[in-house]
Asks: 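Take a look at the following structure, please.
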There are 2 protein chains.
Amino acid sequence: MADSSFRAKHRANPLFLRDAELRQAMELLFFAYRDFTQEADAILTDYSFGRAHHRVIYFVGANPGITVSELLQILKITKQSLSRVLGELINDSFVHQRTDKADRRRRRLYLTAKGADLERLLTDRQSQRVAGAFRAAGAEAVEGFRTVLRGIINEEDRQRVARPARPTAV
Amino acid sequence: MADSSFRAKHRANPLFLRDAELRQAMELLFFAYRDFTQEADAILTDYSFGRAHHRVIYFVGANPGITVSELLQILKITKQSLSRVLGELINDSFVHQRTDKADRRRRRLYLTAKGADLERLLTDRQSQRVAGAFRAAGAEAVEGFRTVLRGIINEEDRQRVARPARPTAV
DNA sequence: GCATTTAAGTCAGTGTTATTGACATATATG
DNA sequence: CATATATGTCAATAACACTGACTTAAATGC
């Protein structure tokens, strides 16, 4: 701590508060993510699923017909890790596969009705949390939130984030 | 997906874009957190540590003299889970304990010089990422980012996030 | 002073998520 | 037909988390 305050004092002059500010930002990210995932995690327990299952259900729901390799690029996990989770979801009929007609090596993934139900159950809780924060913060703050988060994401993945058709009116 | 668009169309009239917007927000959180932790995770591997070790190092660094139970409340994990991680950090001399003078049941935690070095190594990378995003986004966006994230955090934990002395000048 | 509570630590067993490495199969493409 | 690509699988390992039961030491309330 002694060292950290030393560091802060010896940075670019007009930005004394930089360290404290960045530290705060990192804590905000940690706590927000912790609480953002918490409710969905609790629901998943009832299905003997974990956060990884949610991620798959979410991204398959958001991108119907997504292939296995596209999903791997989004999640940045190994094929073997995905395999277990995806296998369980297919086995329990939350997700189903269809071989691509043009390229029969590709398996396109879709949510079943059951899968869509679970996706809604999980995502709705999280949506409500975010919606509450959006409403309280106002449209301008929401725009700032998006801009900063986009800046934190690796440049090559920024285009992966879904873009709503028009800008916000909160 | 069919169901989800149905849902969107049947919500409060002036907010057609709500679903897509909230979905985007959730993806931004996912990708930003994924990339935010990625670099630090890679460094931790060299020490045979994981993200949990980083969290302990971070919060002990930010709150010198924090007690074990306070740390548990922040991390929201069990005593047994913390025990392994904290034990390793103490064993490897990244963290040290000192019995509280007033209440000798309490163990106050501090980073050693070695621990502070590692904390800096890890946090600096993440700071730079956030600093870059802040710089690109501008002061107003930063304020919005903070407001929205604060709103996502459970009300009872909002006061836990460190507050810099004065508002931003980015 | 003694019962109770609190703070911390420990032992044992389990489960989820992830990893690396090696390999198999089917299909597409040059 | 050789090579590359997409997917899947087997095996071993590790990090991180959990539940449940228990211990020790110290503080606190009556």
Side-chain angles (χ1 to χ4, degrees), chain A residues 30 33-34 37-38 40-60 65-92 95-109, chain B residues 30 33-34 37-38 40-60 65-92 95-110 122:
Chain A
F30 168 74
Y33 199 77
R34 184 198 66 174
T37 51
Q38 188 192 275
D41 285 351
I43 297 169
L44 287 158
T45 305
D46 301 337
Y47 292 79
S48 301
F49 287 161
R51 201 177 291 180
H53 298 83
H54 185 191
R55 290 199 278 250
V56 171
I57 286 179
Y58 176 84
F59 282 107
V60 172
I66 192 173
T67 65
V68 172
S69 53
E70 283 165 351
L71 203 46
L72 286 173
Q73 281 167 30
I74 287 177
L75 301 175
K76 286 204 180 152
I77 58 174
T78 58
K79 195 175 36 166
Q80 296 90 323
S81 287
L82 177 58
S83 168
R84 175 187 54 86
V85 173
L86 188 55
E88 283 167 7
L89 289 172
I90 291 170
N91 217 55
D92 298 354
V95 171
H96 72 100
Q97 295 178 306
R98 216 179 303 153
T99 302
D100 185 281
K101 283 179 184 170
D103 185 342
R104 291 169 40 78
R105 291 172 305 178
R106 285 198 162 91
R107 303 294 139 76
R108 300 210 166 266
L109 304 171
Chain B
F30 168 73
Y33 198 77
R34 184 197 66 173
T37 52
Q38 189 192 276
D41 285 352
I43 297 169
L44 286 158
T45 306
D46 301 337
Y47 293 79
S48 302
F49 287 161
R51 200 177 291 180
H53 297 82
H54 186 189
R55 290 199 276 250
V56 170
I57 286 179
Y58 176 85
F59 283 106
V60 171
I66 192 173
T67 64
V68 173
S69 52
E70 284 166 349
L71 203 46
L72 286 173
Q73 282 166 29
I74 287 177
L75 300 176
K76 287 204 179 153
I77 58 173
T78 59
K79 197 173 34 166
Q80 295 90 324
S81 287
L82 177 58
S83 170
R84 175 187 54 87
V85 173
L86 187 55
E88 283 168 5
L89 288 171
I90 291 170
N91 217 54
D92 297 354
V95 170
H96 72 99
Q97 296 177 305
R98 215 179 302 154
T99 302
D100 185 280
K101 281 178 185 172
D103 185 341
R104 292 172 36 80
R105 292 172 304 179
R106 286 197 161 92
R107 303 294 140 77
R108 301 210 165 267
L109 304 171
Y110 303 88
L122 294 167

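The analysis underlying the following values was restricted to heavy atoms, covering all of them including side chains, and did not include hydrogens, waters or symmetry mates. By convention in this document, chain letters (A, B, ...) are assigned in the order of the sequence lines, proteins followed by strands, and residues within each chain are numbered from 1.
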Asks: Using only side-chain N and O atoms of B/Arg105, determine if any of them is under 4.0 Å from OP1 or OP2 of D/dA25.
Replies: no
Asks: Taking the nucleotide of DNA chain C with the nearest heavy atom to each, does A/Gln80 or A/Ala52 sit closer to the 5' end?
Replies: A/Ala52
Asks: Distance check: side-chain N/O of A/His53 vs OP1/OP2 of C/dT17, anything under 4.0 Å?
Replies: yes
Asks: Taking the minimum atom-to-atom distance to the side chain of B/Ser48, which one of D/dA15, D/dT7, C/dA18 wins?
Replies: D/dA15
Asks: For A/Arg55 and C/dA18, is the shortest distance between a side-chain N/O and OP1 or OP2 below 4.0 Å?
Replies: yes
Asks: Please tell me which of the listed nucleotides, C/dA18, C/dT20, C/dA8, lies nearest to the side chain of B/Thr67?
Replies: C/dA8
Asks: Could you check whether A/Arg51 gets within reach of a base, just the sugar-phosphate, or nothing at all, counting any heavy atom under 4.0 Å?
Replies: sugar-phosphate
Asks: Does B/Arg84 have a side-chain nitrogen or oxygen under 4.0 Å from the phosphate oxygens OP1 or OP2 of D/dC16?
Replies: yes
Asks: Tell me whether the OP1 or OP2 atom of C/dA18 has a side-chain N or O from A/Thr78 closer than 4.0 Å.
Replies: no
Asks: Testing B/Val60, B/Val68, B/Thr67 for side-chain contact (heavy atoms from CB on, under 4.5 Å) with B/Arg108, which one passes?
Replies: B/Thr67
Asks: Between C/dG9, C/dG21, D/dA15, which one does the side chain of B/Arg107 approach most closely?
Replies: C/dG9
Asks: Using a heavy-atom cut-off of under 4.0 Å over every strand shown, decide if B/Ser69 touches base, sugar-phosphate, or nothing.
Replies: sugar-phosphate
